[in-house]
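Ligands are counted one by one from 1 in listed order, and the atoms in each one are counted from 1 as well.
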Amino acid sequence: MITERPETRTQSIESLLESLEAGDYSRDNLRRCLLCRGEDQASLFDLARARRDAAFPAHEVETRSVIELSNVCQQSCNYCSMAKESKLKRYVMKVDPLMAQVDFLYSIGRRVILLQSGENDSKNFVEYAAKCVTEVKRRYPELEVILCLGNLSHDQYVRLKEAGADRYILKFESSSPSLYSTWKPSDTLDQRLACLQDLIDIGYKVGTGNMVGMPGQSMDDVIDDLQLLGKYDLSMMSCTVFIPGEMCNYHDQPMGDVEIALNYMALMRIMHPTRLMPTTSCLERGKKGGQLAGLMAGANTVTIHDGTPDEFKNLFPIYSTDRCSPGFARCEAMVRESGLTFGKAPLI
Ligand code: 5AD
């Protein structure tokens, strides 16, 4: 847990933001920004939005619909309720109901879909995922397909790319090898980063990111995460705040600090103005209005949970069984309140 608290200010927020604008992302500057609260935090967010709006002058939010293909997972993440050991009923969606969902999403104007699953590198599953992508692209060539399926082999990533997938999200979770192995004992950071590099080399548009407020994580670890983001050629970046889901091994750990996560998002935006960055529903779990605050901190992507059939929705409890997933109307109101509009999706 991050225990540091805001210190007495030695430098005005104006001069701190000026040095950020000039590209000084020193450890000390980043630390001060991560600890900002109140009016200072509002000024940090102002700069983040100014950077976003200069890079994305249409003031649009990318609207994604997520379809949770399967909750079968081979990993043993201590923070996740879908870990291999969890006594969750497992499912893999059939191709026909999946396509019915895609038809529906297309008909209401969605043009970006996120196909997500537990980490499963079995030959059968990857072949199935490739079939799904092929069929989606055959029916709707202009539908942008993002995959989030975890660590796979180089050849499996190539197979999915050739099937037509456009983008891939693979979070590095933590830049610290020891934290990574503690949180995710079935994997190593080296392995994860090798997968990330494969995805970039193969030509996907790639997204990655971390979690903030995790057990054992210090402020320096979070700053290292920010710096790692600068080392990869990415089109998307993201940060979630730790939610102690009821069914995960870390269920009795404290929730992460939402303010630090929001400040982290603002810094990601300032450092990387042209990347897509989501505001996630876990921010809302952390505090009321948290997801809107993510847009105010520079996010420009919203994921709508309207792609997974009801029968499977409760079987994909990434953060929590009581996952807060706002519907379209709430998302639309939130986006409007932030001064942005939905892109790639006419209002319904
Ligand atoms: N709290 C916050 N983020 C989480 N994730 C998974 N479990 C949690 C949790 N309990 C994030 C991880 C993962 C992504 C799908 O969700 O970063 O890669």
Side-chain angles (χ1 to χ4, degrees), residues 1-2 64 66-86 88 114-120 146-152 167-176 179-180 182-187 189 191-193 195-196 199 206-217 221-222 225 228-229 234 236-258 260-262 264-265 268 277-287 290-291 294 301 303 305 308 315-325:
M1 187 172 60
I2 299 166
R64 294 176 190 159
V66 62
I67 305 179
E68 290 147 336
L69 287 184
S70 165
N71 64 358
V72 175
C73 191
Q74 295 160 340
Q75 301 278 9
S76 305
C77 307
N78 285 311
Y79 50 85
C80 183
S81 302
M82 280 168 34
K84 182 171 79 185
E85 295 75 14
S86 150
L88 206 60
L114 171 61
L115 301 180
Q116 188 165 21
S117 75
E119 297 199 31
N120 180 355
I146 311 177
L147 298 179
C148 183
L149 312 177
N151 293 1
L152 300 175
R167 311 188 212 163
Y168 204 105
I169 297 173
L170 187 80
K171 295 182 67 181
F172 63 76
E173 317 292 7
S174 169
S175 55
S176 151
L179 282 181
Y180 189 94
T182 305
W183 301 344
K184 194 166 180 174
S186 46
D187 192 18
L189 181 61
Q191 171 62 33
R192 192 71 161 183
L193 295 180
C195 286
L196 192 63
L199 289 163
V206 175
T208 192
N210 70 339
M211 293 182 284
V212 162
M214 287 287 289
Q217 187 184 41
D221 294 320
V222 175
D225 291 353
L228 184 64
L229 268 179
L234 303 168
M236 301 172 285
M237 57 189 178
S238 67
C239 162
T240 52
V241 61
F242 171 60
I243 307 288
E246 306 79 7
M247 285 167 68
C248 74
N249 288 342
Y250 286 163
H251 63 91
D252 54 358
Q253 298 292 316
M255 182 178 291
D257 185 325
V258 181
I260 295 179
L262 289 167
Y264 185 96
M265 288 171 64
M268 283 202 287
M277 176 170 84
T279 182
T280 62
S281 59
C282 66
L283 295 168
E284 194 70 30
R285 274 294 296 249
K287 81 163 183 181
Q291 201 169 6
T301 305
T303 300
H305 289 258
T308 306
L315 295 176
F316 206 89
I318 305 191
Y319 318 132
S320 162
T321 45
D322 171 29
R323 193 163 164 202
C324 156
S325 38

Say whether Val241 and ligand 1 are in contact under the criterion: heavy-atom distance to a ligand atom below 4.0 Å.
yes
Can you name the nearest heavy-atom pair linking Leu229 to Met268, along with the distance?
CD1-SD, 3.2 Å
Which atoms from ligand 1 have a heavy atom of Phe242 less than 4.0 Å away?
1 (N), 2 (C), 10 (N)
Tell me, please: is Met214 in heavy-atom contact with ligand 1, that is, under 4.0 Å?
no
So the atoms of ligand 1 within less than 4.0 Å of a heavy atom of Met211 turn out to be 3 (N), 4 (C), 5 (N), 12 (C), 17 (O)
Under 4.0 Å from a heavy atom of Glu173: give me the atoms of ligand 1 that qualify, with their elements.
12 (C), 13 (C), 17 (O), 18 (O)
Between Arg192 and Glu173, does at least one N-O distance fall below 4.0 Å, as a salt bridge requires?
yes
Using a plain distance cutoff, I'd like to know if Ile243 has any nitrogen or oxygen under 3.5 Å from a nitrogen or oxygen of ligand 1.
yes
Heavy atoms only: give me the nearest Gly216-Leu179 pair and the separation to one decimal.
O-CD2, 3.7 Å
Go through the structure and list residues passing ring-ring contact (aromatic ring centres under 6.0 Å, His included) with Tyr168, not counting sequence neighbours.
Tyr157, Tyr204
Near Gln116, which atoms of ligand 1 are under 4.0 Å from a heavy atom of that residue?
15 (C)
Contacts of Ser86 that satisfy side chain to side chain donor-acceptor pair (under 3.5 Å) - sequence neighbours left out:
none
For a quick check under 3.5 Å, do Tyr264 and Asn210 share a side-chain donor-acceptor pair by atom type?
yes
